[in-house]
Each structure stands twice: as structure tokens, then as C-alpha cells.
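Indexing begins at 1, ligand by ligand and atom by atom, following the structure's order. Along the sequence shown, the residues carry numbers beginning at 1.
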Amino acid sequence: MTAPAAGISLHSKLPDVATTIFSVMSALANECGALNMSQGFPDYDGPDVLREALGRHVMAGGNQYAPMAGVLVLREQIAAKLQRYYGIEANPDTEITVVPGATEAIYCAITACIQPGDEAIVFDPCYDSYEPAITLSGGITRHIAMGEADFGIDWDEVKSTINERTRLIIINSPHNPSGAILRDSDLRRLEVLATQHNLYVVSDEVYEHLVFDGEQHCSVLQYPGLRERSFAAFSFGKTFHVTGWKTGYCVAPPVLTVELRKVHQFVAFVAVTPVQLALADFMMAEPNFPASLAEFYQAKRDLFCKRLVNSRFGVRPSPGTFFQLLDYSQISDEMDTELAVRYTRERGIASIPISLFYQVPPAGRHLRFCFAKREEVLLKGTEILCKI
Ligand code: PMP
Ligand code: GLN
């Protein structure tokens with residue numbers, strides 16, 4: 001083998017992209033021994049029966065490549081889940097693709113849609129994986145900031161941003177990092193605009209079951225005008241507390257699924273076989289598990305927030321996800337990127353600075369905390385925050 005020539009360099013296709021802040025903050029938390037409320041993952045395991053099923057399938061020989069679209073029994077369980085929770089018909093053969101994580105679904109969907117010069121609209125604060133995928137396809141990302149008062153979308157602004165080059169709109173509800181949700185009226189506006197302008201939609205719904213206070217998740221799959229033009233991405237990691245299993249799925253109509261799979265088969269080809277088999281067993285045995293999540297996480301959110309009532313942080317409404325934004329404008333005017341690092345080092349608590357998810361840094365001052373943590377961690381975390 002020839003060693004690379006000294007001084008070799010690569011002209012970056014993503015010159016403005018650094019290691020994700022989630023990896024950076026988790027590494028810093030570990031280095032400092034800080035409470036890690038930064039990266040979004042639970043500090044508890046998925047259900048025993050699910051993990052036992054994985055061990056069983058590994059020992060029983062489910063260890064070779066799965067079909068490219070995913071193990072059929074799992075796709076059938078996904079179809080049953082879509083019917084049960086949303087009253088949606090989806091064909092396991094032609095409309096459901098199992099992938100190694102929602103991130104891959106989103107990447108493949110964007111790659112399938114975007115031609116060089118096409119524009120894609122995203123909403124800031126915007127999950128960090130969308131724009132690099134658009135850029136790598138030669139697309140142009142148009143950022144629209146969500147309203148800082150409520151993290152809502154101004155659909156009139158969306159309307160005026162759409163032009164003849166606009167190809168795609170990417171939405172994310174429940175929304176990371178704000179916790180905001182899109183409601184029926186939002187999806188109806190999107191349906192009209194997407195239909196009128198013949199746009200594709202990528203809908204990141206990984207937190208679909210984490211919607212609180214009696215509200216319901218609205219999926220693009222429930223709106224006929226959106227169903228026919230959308231790729232909806234979901235993640236088992238969030239729903240079954242197994243983010244490290246990196247398995248999700250994409251639901252899209254047959255013509256879009258054909259193109260999605262053309263990309264998927266050369267990005268990852270397949271998702272991990274025994275994980276898929278274990279998930280299928282669990283979904284068949286415990287179809288109501290996802291319905292229990294809202295109460296489970298609402299209790300965590302409420303505990304975290306109630307304990308901060310007398311702190312100097314402003315607690316923002318969080319109707320969905322397992323994230324809570326805290327407004328620190330009464331405490332400091334430091335940049336959130338600096339403050340998050342300082343709190344990790346000096347106070348022993350790690351969070352995520354959200355200004356990195358904006359094209360134009362926001363006026364507000366917010367840090368994001370993940371409350372998918374055991375009670376003792378939430379108690380310790382709020383104790384630290386109340387002393388600040
Ligand atoms: N979208 C959003 C908004 C997320 O927060 C995450 C993960 N935390 C993903 C996509 C990716 O999910 P997965 O781990 O299944 O790739
Ligand atoms: N999406 C998770 C978060 O928001 C982290 C996933 C990742 O690290 N890419 O924290």
C-alpha cells in the first residue's frame with residue numbers, strides 16, 4: 001500500500017461543517033464527569049423483552065443480510081402501527097423502508113429529491129443533518145426562522161420564499177430543539193402550499209409519540225395532499241429507548257419509495273437484521289407501548305420544570321420531544337456556545353447551545369436540556385441549575 005503523500009489535502013465539500021455539537025458536548029461531559037443532559041438519549045434501557053429478543057435472534061442465526069427494504073415481518077408491524085395510531089394504510093412492499101436510523105432516511109430522501117440548483121426550505125433552529133445533505137446534492141438551503149415567541153412557522157413567509165427553484169420543504173414535529181409541535185392548521189397550510197407549488201416534503205417525525213398535555217401528533221401521512229408527496233421519517237431509537245440500535249423507517253408513496261431505495265441501497269444497503277427481528281417481535285407483543293410514552297415523558301418534563309420554578313432560568317413551553325429549552329437571558333449575556341461549555345466545566349452539567357442550529361444567530365438566549373433521564377439525574381440537574 002502506498003502511504004498518502006505528505007501534505008495531501010482534500011477540497012472540502014462541507015467546509016462549514018464541524019463535528020456535531022451532540023458528539024462534542026457528550027465528549028466534554030464525559031471528560032469533565034458532568035451530568036450529561038446534552039445529547040438526546042435516555043440514560044435507561046429499552047424494555048427487557050425487547051433486549052432479550054435481540055439476544056435470542058442473534059443466537060438463533062438471524063445474522064445475515066436482511067432484504068434491502070427491511071425484514072418483511074417488521075415492515076408488516078410498521079404498517080399495523082401506522083393503521084393503529086394514525087388510521088393510515090401503507091403498503092409494506094412498496095411504501096415502507098427500514099433503514100439504519102432516521103438520519104439515513106432523511107439523507108436518502110433529500111438525495112432522491114434534490115438536483116443541483118434546487119432549493120430546499122428548512123426552519124431554524126434546524127436539526128443539523130438536513131443542510132449538509134442538501135449541500136452534498138448541489139442544492140441550496142433556504143432558512144426561515146421560526147418565531148422566537150412560540151417557535152411557530154409563519155406560513156406567509158414560506159409562501160413568499162417559494163420560487164420556481166423550490167423543490168422541497170423539510171419539517172420536523174415534534175421539533176428538536178424547541179419542543180414545539182405543528183398542529184392541524186399548520187399541516188393544512190403546508191398541504192395547500194406543497195400542492196400548489198408541486199413540492200416534495202421530508203417530514204422528520206422521530207418524536208411522534210412524545211406529545212404532551214393531551215395533544216395529538218399530526219403526521220403528514222394523515223393529509224392526502226401531503227401523503228402523496230412526502231417522505232416521513234421515524235426512529236425506533238426514540239420510541240423504544242434504544243437510540244444506539246440506530247434503526248428507523250421511511251414511509252413514502254411507491255414512486256418516491258423507488259427513488260429512496262435506489263439511494264438507500266448504496267448508502268447502507270440494509271439495516272441490521274437481528275435488531276429488525278427483535279423489533280418486530282416486540283411490536284407484535286406490545287402494540288400499546290408507544291401509547292405509554294406521552295405520560296412517561298410528561299412526568300419527566302414536569303418534574304424537571306417544576307423544580308426550576310424558583311431558579312433564574314426561564315422555562316419555555318415544551319409540548320413535545322424530550323428536550324426542554326431554558327432561557328438564561330436573566331443570568332448572562334454570554335453566547336450559548338460559550339455558556340454550555342462553561343456550565344459543563346464549572347457547574348458539572350452539560351447542555352446543547354441552540355444558536356448553532358440557526359443561519360442567523362437568534363436574539364434569544366437558550367440552552368437545550370434533555371430530560372430523558374432517571375429521576376435522580378433530573379433531581380441532581382435541577383439542584384445544580386437552581387444554584388446558578
Ligand atoms: N431527527 C431528529 C430531529 C433527531 O433528533 C434525531 C436523533 N436524535 C434524528 C432525526 C435521528 O434519528 P436516528 O438516531 O434514528 O438516526
Ligand atoms: N438527535 C440527538 C440530539 O438532538 C442526537 C443524535 C446525534 O448525536 N446525532 O441530541
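At a threshold of 4.5 Å between non-hydrogen side-chain atoms, the residues His209 and His217 do not count as touching.
Nearest non-hydrogen protein atom to atom 10 (C) of ligand 1 is Asp204 OD2, 3.4 Å. At the shortest separation from atom 6 (C) of ligand 1 among protein heavy atoms lies Tyr127 OH, 3.3 Å. Looking only at heavy atoms of the protein, atom 14 (O) of ligand 1 is closest to Lys246 NZ, 3.1 Å. Of the protein's heavy atoms, Gln39 NE2, 2.7 Å lies nearest to atom 8 (O) of ligand 2.
At a heavy-atom cutoff of 4.0 Å, ligand 1 is contacted by the side chain of Asn172 but not by its backbone. At a heavy-atom cutoff of 4.0 Å, ligand 2 is contacted by the side chain of Arg368 but not by its backbone. At a heavy-atom distance under 4.0 Å, only side-chain atoms of Tyr127, from C-beta outward, approach ligand 2. The proximity of Glu104 to ligand 1, defined as any non-hydrogen pair under 4.0 Å, does not occur for either the backbone or the side chain. Heavy atoms of Tyr207 found under 4.0 angstrom from ligand 1 belong exclusively to the side chain. Contact annotation for His175 and ligand 1: no heavy atom of the residue comes within less than 4.0 Å of the ligand.
The closest approach between a heavy atom of Phe41 and any atom of ligand 2 is not below 4.0 Å.
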Q. Between Ser355 and Asp336, is a side chain to side chain donor-acceptor pair (under 3.5 Å) present by the stated rule, with each step listed?
A. CA-CA 7 Å; Ser355 63; Asp336 59 353; 2.5 Å; yes
Q | CA sep, side-chain torsions, deciding dist, call: Arg229, Asn198, side chain to side chain contact (heavy atoms under 4.5 Å, CB included) | A | CA-CA 8 Å; Arg229 58 186 63 254; Asn198 199 20; 3.3 Å; yes
Q: Would you check, one step at a time, whether the test ring-ring contact (aromatic ring centres under 6.0 Å, His included) holds for Phe151 with Phe123?
A: CA-CA 10 Å; Phe151 291 95; Phe123 300 97; over 10 Å; no
(Q) Could you go through Leu277 and Leu74, starting from their C-alpha distance and side-chain angles, then the distance that decides it, and tell me whether this counts as side chain to side chain contact (heavy atoms under 4.5 Å, CB included)? (A) CA-CA 7 Å; Leu277 293 168; Leu74 178 57; over 6 Å; no
(Q) Using the rule given for side chain to side chain contact (heavy atoms under 4.5 Å, CB included), can you reason through Arg365 versus Gln330, listing the C-alpha separation, both sets of side-chain angles and the distance that settles it, and then say yes or no? (A) CA-CA 9 Å; Arg365 295 273 183 258; Gln330 300 303 310; over 6 Å; no
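Crowding of Asp333 atom CG: a count of heavy atoms from other residues, nucleotides or ligands under 6.0 Å not exceeding 12. Residue-environment remark: OH (Tyr44) exceeds the threshold of 12 foreign heavy atoms within 6.0 Å.
Interface of Gly101 with ligand 1, defined as ligand atoms under 4.0 Å from a residue heavy atom, comprises 15 (O), 16 (O). Remark: ligand 2 atoms within the under-4.0 Å shell around heavy atoms of Asn176 are 1 (N), 3 (C), 4 (O). Atoms of ligand 2 found under 4.0 Å from any heavy atom of Gly40, numbered from 1 in the order shown, are 2 (C), 3 (C), 10 (O). If you number the atoms of ligand 1 from 1 as listed, the ones under 4.0 Å from a heavy atom of Val206 come out as 1 (N), 2 (C), 4 (C), 10 (C). Heavy-atom proximity to Lys238, at under 4.0 Å, picks out these atoms of ligand 1: 6 (C), 7 (C), 8 (N).
Using cut-offs of 30° and 60° for the angle between ring planes, the Tyr297 and His241 rings count as perpendicular. In this structure, Tyr343 and Phe313 have perpendicular ring planes: the angle between them is above 60°, well past the 30° mark. Ring orientation note: the planes of Tyr249 and Phe236 are tilted relative to one another, at an angle of 30° to 60°.
At least one N or O atom of Ala102, backbone or side chain, sits closer than 3.5 Å to an N or O atom of ligand 1. The shortest N/O to N/O separation between Tyr130 and ligand 1 does not fall below 3.5 Å. For Thr20, no nitrogen or oxygen atom sits less than 3.5 Å from a nitrogen or oxygen atom of ligand 2, counting backbone and side chain alike.
Of the candidates Val99, Thr239, Thr103, Thr103 brings a heavy atom nearest to atom 11 (C) of ligand 1.
Here the side chain of Gln276 pairs a donor or acceptor atom with the backbone of Ala271 at under 3.5 angstrom.
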